[in-house]
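Each remark here refers to the structure printed beneath this line.
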Amino acid sequence: MNKKGGLAGYLFAAPGFLFFSFFLLYPLLRNFLFSFYDFKLTNLNDKTFTGFANYLHVFQDSVFWLSLRNIIIYGVISVPGQMILGFLVAYALYQNRKGTTVFRVFYFLPVITSWVVASLIFKFVFTDQGLLNYIITDTLHLTDSTISWLSDPMKALLVISFLGIWKGVGWVMVIYLAALQGVPKEMYEAASLDGCNGWQKIRYITLPAVRSTTLFIQLMLIIGAFNVFTSVYLVTNGGPMHETEVMLTWMYQKAFTEYDLGYASALSYVFAVLIAGLTFIQFRLNKRD
Amino acid sequence: MRIWKSVILYGLLTAGAVLSVYPLIYMVLTAFKPMTLLFEFPPKLIPSELTWANFAEAWASQNFSVYMLNSVIVTMASFVLIFGFSSMLAFSFSRFQFRGKRLIFAILMGSLVIPSLTLIIPQFMLIREIGMFDSHWGLITVYAAGGIPFTTFLLKGFFDSISRDIDESVEMDGGNAFKLFTAIILPLSKPAFVPATIFNALVVWEEFPWALTIINDPLKRTLPIALANFQGQYTTQWGIVFAGSLIAIVPIIVLFILLQRYFVAGITAGAVKG
Amino acid sequence: MKIKSYIGALALLLVLSLLAACGSDTNGSNNNGTGSDGKSGKETTLTFWHHYSTASPEEKTLTEQLIPQFEAANPGIKVKAVAYPWDQLHKKLQIGGSSNDLPDVARLDIIWVPEFQKQGLLVALDEKFADFDETAKGLLEGPLSTGKIGDHYYGLPLNTNTKVLFWNKAMLEGSGLSKAPETTEEFFTAIAQIKAQSGKAWGFGEPALQGWNILPWIWSNGGDVLSPAMDTAQGYLNSPATVDILTKLRAAAQAGQIAGFKPGDVPVTEGHAQGSYAMMAEGPWAFAQFESQFPDFKAGTAYFPRGSAGSIQVLGGEDLGIFSKENGEESWKFVKFLTSEAAQVSMGKVGQIPVNLKAMENSEIKNIAYFAPFLEQLKTSKARPPVAAWPQIDTVINDTMSSIFMTDRDIKSELDQAAAKIDELLKQ
């Protein structure tokens, strides 16, 4: 049945794929067409073909390059941050020891919290007279001067990356928890007999055994990093001076504040190509080793 | 030595857990603060005075219970479509060979990189053209289309892990593909629907821009729109915002706590094969 | 909870919810006010979009008092009020305008009126309704003019506001100042003195860098954004008067005397009550916030500091616009009701400054002590340029001011660039 059955295969795939094509793929292609037009939100019924003008605009736009830089910074901090912490927590919790269930729920709670609420809370905690500065200056007396977390672009990006890590560790933990169940216990026992210490066991048994999971997580987190929006929108709104703008906040501003839908469409396709390229490179690198 | 290791381990885990949960506690405490204490300086860990007023205000204002029901309806109906379509797609990918299979799978997975925000305008035009504007169907269909790729991916991983020997035994008994799907694969894959439920609920439950764009009738609004309305142009009553948000996330937390035992089991095969 | 029962429950809920979803669709189309109900002469439902925030006293007054009153006085007309956050309302109207999903009536920020008029969405009130002049005569002139574009009126004022100078008595006295600064020079001396006295506080808090925030400084110093004909920014936004005041403000900001506009800064209104900012320029809503959050704080108010051109603050407020093609008469009735004395007094009591002349003379309004300084300041307040491209121009102003206040870049050349960008927007 699994060798032949072409017809059955089509029959099972068709409803879902047709539905998906109608409600997602078709708008996606329409959006692609928009990217070649001068097309304004204030007049959806009227558009002029302008060829590659929108794309040219994107590459000449200094904020586009800023947003690209910021996405890279965000990705470089938050992706490894989530992966390392998520793996460590999962490794500590994957055996059914006492209290692990409670810990699992605690670490997963941030995943469930809405991005809006999480962003508002981080903003409260990190403002100049927020809780964190209060602890640093008045409780611990580490420094006298107030640290402006949100008005310095690099520090603000750091805060947004922290938020990403805080929100994502639980997700990574859950995926690793699942994968770790699949590592045969005997391998650890054999390693213990060979005199391996804890770190060596992770290095030579666990990590290779969950390699495909690691790749999967890495891929999903990179995609997630390119999609970061709510946290930046609510914590800094791209400011000061667009220094913390990321792809989606910039696209949102172009589309809904400046009404330039053609530009926004072109921008989203440039980023889609970037993510696709990155994914392709990642697959290639992994095939090699 | 052993004991010390445990103590350090649990100490670190507890510290991490506190950091994970603290912002939520902060939110809970703010929700319980009276207006006069919202911006205390120096900030206090535990407010000196607690009140239910914000919750009462949030729940009584607007039609909060209607919005809650709307969110439940939209989420549930999206699940029906997502699970129906995705499980069939995943079954097709897992069990059959046909021309174009790789292409279709690649298109589905490729769409994961497209942020839903970029599609608002073309989807808005489509939904208007087919007469679903200002209706829950406009939300349900678009949410479902967005949920299909990742759900298909999760389910396919699980289906792949079910031994093909079963397929052959069904075939020997004279069963067809439909029988295999409904009588064997779906029942065996129940756990896989748990993580799929949680991941989709997280997205659908808090979706804001799309719901705002196509819903005009206030009685059809979902929770995120209601929550946004608590913020004012000049001043915002944060206590009410947080109280409302807290009420809104309770169903998701309850869902997770109820299902968390099956969560890891449901993801196992899917992720390892990833 | 077993998996099986979970799936069962899920299936049941799905069926129920699908039924309910279908059900609510049909309900919705019955409620839709622009449907056939109006024509058949039975009952008309007006849709009214606004941005009073949920659970605010204004929203409660609207839905619990005013709409029931209107419905009782006008049998056959029902009003469905729909709230959106301020910025989302703008987007909704924008998208709705291109696809004809608009309310009958909406409460519009005065700066949106030219934009929606240009798109042809708003009904010309003086053309369509015979008793327009009579109604308009009873309303305050300045706010009324915000609805006028070309020769016609596209909006009727609903409420007005402006900002005045708030000063924290304790902080000013602590720095040896007995009263609020009256002129720009006194202002800059005062904030320097306050900074010298208490290092951790600021002399003045400005919560953002948009036209709403920066224009009063420019205007009071004799500068402007656009020419009087409103066709260019060249020679106005980059005039010596504008450069001069921005130079002084930047120096004060860099000396730590002015803050509040950077992300993470202490929020201005809260900070003013708690002793972080000795002064701020804010609207009447600040009083409502003090009352609920800082009942012990006694706010002092004064004219905005006077520059070479006077004390010119920015005019704020909202207009009512009619979008409806079918329910014009009913909409007009509702608009007249909201601008009537009784309705304006009710809204006045929750902090909305009335525009109805009789309401302003009403003893209940006159007793609201904190309105007085705003009414005085309103006499010299000025509206932002009523051009359709204003929202985009404001974005340019915000970007330009951010780079002026947060970097060391040359002010004149930043303004030159901004003027060029604005001129391009004006041409579209």
Side-chain angles (χ1 to χ4, degrees), chain A residues 1-3 5-6 8-10 12-13 15-17 19-20 23-24 26-28 30-31 44 89 92 103-110 112-118 121-122 129-131 134 138 166 174-175 177-179 181-182 212-213 215-216 223 227 229 248 251-252 261 268 272 275-276, chain B residues 9 13 16-17 20-21 23-24 26-27 41-43 85-86 88-89 91-92 95-99 101 104 107-108 110-115 117-119 121-123 125-126 141-142 144-146 148 164 167 171 177 180 202 206 245 249 252-253 256-257 260 263-264 267-268 271-274:
Chain A
M1 175 174 321
N2 48 353
K3 299 283 147 53
Y10 285 123
F12 274 100
F17 190 68
F19 182 87
F20 169 83
F23 286 104
L24 207 143
Y26 168 58
L28 192 69
R30 242 173 146 176
N31 205 27
L44 292 182
V89 173
F103 278 119
R104 286 179 188 182
V105 173
F106 279 1
Y107 282 104
F108 200 71
L109 275 177
I112 306 175
T113 316
S114 83
W115 274 104
V116 175
V117 169
I121 293 170
F122 265 68
Q129 286 201 1
L131 190 68
Y134 182 72
D138 295 67
W166 178 79
V174 165
I175 308 282
L177 276 177
Q181 315 284 341
S212 62
T213 305
L215 290 180
F216 165 71
I223 293 174
N227 280 297
F229 172 70
L248 279 184
M251 198 210 75
Y252 193 73
L261 293 180
S268 63
I275 309 179
Chain B
L9 179 67
L13 279 172
S20 289
V21 182
L24 285 171
Y26 186 90
M27 166 178 159
F41 194 86
F85 288 137
S86 302
M88 286 165 73
L89 270 168
F91 179 63
S92 170
R95 289 304 198 263
F96 301 103
Q97 294 302 331
F98 53 91
R99 252 163 173 267
K101 172 174 146 171
I104 295 181
I107 290 175
L108 282 176
S111 77
L112 283 175
V113 308
I114 305 288
L117 208 59
T118 64
L119 293 176
I121 295 299
Q123 278 176 334
M125 295 166 100
L126 172 71
T141 48
V142 166
I148 286 174
R164 271 141 222 266
D167 299 22
E171 205 172 6
L180 172 68
L202 289 177
E206 72 160 312
S245 309
I249 63 168
I252 298 285
I253 292 183
F256 176 70
I257 292 177
Q260 75 89 23
F263 197 93
V264 172
I267 234 169
T268 307
V272 172
K273 294 271 171 181

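Per chain, numbering begins at 1; letters A, B, ... match sequence-line order.
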Q: Apply ring pair (Phe, Tyr, Trp, His ring centres under 6.0 Å) to Phe19(A) and list each qualifying residue two or more places apart in sequence or on a separate chain.
A: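 Partners of Phe19(A) under the ring pair (Phe, Tyr, Trp, His ring centres under 6.0 Å) test: Phe23(A), Phe85(B).
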
Roughly how far, to the nearest 0.5 Å, is the [atom2] atom of [Y] from the [atom1] atom of [X]?
X         : Y         : atom1 : atom2 : value
Asn31(A)  : Ile121(B) : CG    : CD1   : 9.0 Å
Ile257(B) : Phe108(A) : CD1   : CZ    : 11.5 Å
Leu109(A) : Ile252(B) : CG    : CD1   : 12.0 Å
Leu119(B) : Ser268(A) : CG    : OG    : 7.5 Å
Met88(B)  : Phe17(A)  : CE    : CZ    : 14.5 Å
Ile112(A) : Glu206(B) : CD1   : CD    : 11.5 Å

Over all heavy atoms of both residues, which pair between [X] and [Y] is shortest? Give the atoms and the distance, please.
X         : Y         : result
Ile121(A) : Tyr26(B)  : CG2-CD2, 4.0 Å
Ala8(A)   : Ala177(B) : CB-CB, 4.3 Å
Ser20(B)  : Pro110(A) : O-CG, 3.5 Å
Ala17(B)  : Tyr107(A) : N-OH, 3.2 Å
Val117(A) : Met27(B)  : CG1-SD, 2.9 Å
Thr118(B) : Met251(A) : CG2-SD, 3.2 Å

Which atoms of [X] are under 4.5 Å from chain B, going by heavy atoms: the side chain, the backbone, both sets, or neither?
X         : answer
Leu24(A)  : both
Leu261(A) : side chain
Leu28(A)  : both
Ala276(A) : neither
Phe103(A) : side chain

Identify which part of [X] has an atom lying under 4.5 Å from any heavy atom of chain A, answering side chain, backbone, both or neither.
X         : result
Leu13(B)  : both
Ser111(B) : side chain
Leu9(B)   : side chain

Q: Kindly indicate, with the supporting measurements, whether the criterion side-chain contact (heavy atoms from CB on, under 4.5 Å) is fulfilled by Phe20(A) and Leu89(B).
A: CA-CA 11 Å; Phe20(A) 169 83; Leu89(B) 270 168; 5.9 Å; no

Q) Do the side chain of Tyr26(A) and the main chain of Pro122(B) share a donor and acceptor less than 3.5 angstrom apart? A)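 Flag not set: sc Tyr26(A) to bb Pro122(B) has no pair under 3.5 Å.
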
(Q) When you compare the side chain of Trp166(A) with that of Pro23(B), does any pair of heavy atoms fall below 4.5 Å? (A)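 When only atoms from C-beta onward are counted, Trp166(A) and Pro23(B) do touch, with a gap below 4.5 Å.
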
Q. Going by the angle between their ring planes, with limits at 30° and 60°, are Phe12(A) and Phe91(B) parallel, tilted or perpendicular?
A.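 The rings of Phe12(A) and Phe91(B) stand perpendicular, inter-plane angle above 60°.
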
